[in-house]
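Everything quoted here is computed from the prediction, not taken from an experiment. In what follows, chains are A, B, ... by sequence order, proteins preceding strands, each numbered from 1.
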Amino acid sequence: GNSVTQMEGPVTLSEEAFLTINCTYTATGYPSLFWYVQYPGEGLQLLLKATKADDKGSNKGFEATYRKETTSFHLEKGSVQVSDSAVYFCALSDHTGGFKTIFGAGTRLFVKA
Amino acid sequence: SAVISQKPSRDICQRGTSLTIQCQVDSQVTMMFWYRQQPGQSLTLIATANQGSEATYESGFVIDKFPISRPNLTFSTLTVSNMSPEDSSIYLCSAGLDGLSTDTQYFGPGTRLTVL
């Protein structure tokens with residue numbers, strides 16, 4: 001079955017540091033890949049997505065590239081801010097799963113001023 | 001993107017009682033989903049609710065415990081029945097938009113439930 005594995009947190013960085021959160025997936029079909037973000041006390045927000053191999057999703061300075069050869073979708077940001085402190089979820093969805101979304105465990109990010 | 005609201009935003013309930021959570025979408029959508037997020041955990045899909053058909057439940061979730069209604073294309077409810085402290089979680093609804101973004105889900109703000 002489909003699954004998502006992402007690096008465990010928490011991740012603690014200083015402001016303006018480089019961020020990488022690793023995510024790998026297992027899927028029987030050709031899934032779309034997502035990063036969602038959950039700020040404290042809030043629901044999930046879509047951060048970015050990619051729908052096919054070599055696509056790059058980007059938003060708010062965050063980027064992730066759909067790598068089919070390594071089944072990965074790592075999240076990166078060149079310079080984090082305190083306001084980026086949140087939990088980040090990698091996820092996949094494909095039509096063979098009835099468009100159900102499978103989520104990774106989540107990675108909590110703390111950014112210190 | 002769709003705007004999704006949930007009511008209530010939070011509640012504290014006594015064991016043995018039931019709570020119905022409402023989810024409203026500002027546009028018509030075919031597929032709606034209900035998730036549970038236990039403290040510090042990821043999201044677990046409870047069921048898929050399509051208008052005009054019975055909800056489809058994931059392994060470990062049953063209709064008697066989590067009855068779902070989907071009366072129209074903009075609204076759904078999830079009831080948590082005969083609650084116990086183990087049901088304390090955040091419950092989130094989401095909707096997949098029709099059209100190009102069918103595979104992308106948009107989430108409500110969640111309902112934080114505490115069972116005493």
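- B:Lys65 meets the salt bridge (Lys or Arg N to Asp or Glu O under 4.0 Å) test with B:Asp87; sequence neighbours excluded.
- The closest donor-acceptor contact from the side chain of B:Trp34 to the backbone of B:Ser76 lies at 3.5 Å or more, if one exists at all.
- Looking at A:Gln45, there are no atoms closer than 4.5 Å to chain B (heavy atoms on both sides), in backbone or side chain.
- Within a 6.0 Å radius of CD in A:Gln81, other residues, nucleotides and ligands contribute more than 12 heavy atoms.
- Contacts between residues 101-113 of chain A and chain B, defined by a heavy-atom separation under 4.5 Å, are made by A:Thr101, A:Phe103, A:Gly104, A:Ala105.
- Using a 4.5 Å cut-off between side-chain heavy atoms of Ile, Leu, Val, Met, Phe, Trp and Tyr, with links allowed through other members, B:Tyr57 and B:Val80 fall into the same hydrophobic cluster.
- When each of A:Phe62, A:Tyr36, A:Trp35, A:Tyr39 is tested with A:Tyr88 by the rule ring pair (Phe, Tyr, Trp, His ring centres under 6.0 Å), just one qualifies, namely A:Phe62.
- More than 12 non-hydrogen atoms from other residues, nucleotides or ligands lie less than 6.0 angstrom from CD of A:Glu69.
- Annotation: A:Glu42, atom CD; neighbour count of heavy atoms from other residues, nucleotides and ligands within 6.0 Å is above 12.
- Panel note: side chain B:Asn50, backbone B:Ser53; no donor-acceptor pair is recorded below 3.5 Å.
- A side-chain hydrogen bond (donor to acceptor under 3.5 Å, both in side chains) check over residues 5-14 of chain B, counting only residues at least two apart or in different chains, returns the pairs B:Gln6-B:Thr111.
- Proximity to chain B involves both the backbone and the side chain of A:Leu44, based on heavy atoms less than 4.5 angstrom apart.
- Using a distance-only test at 3.5 Å, with no hydrogens or angles considered, no donor-acceptor pair links the side chain of B:Gln22 to the main chain of B:Pro8.
- Against chain A, the residues from residues 35-43 of chain B that qualify, each with a non-hydrogen atom under 4.5 angstrom away, are B:Tyr35, B:Gln37, B:Gln41, B:Ser42, B:Leu43 in number order.
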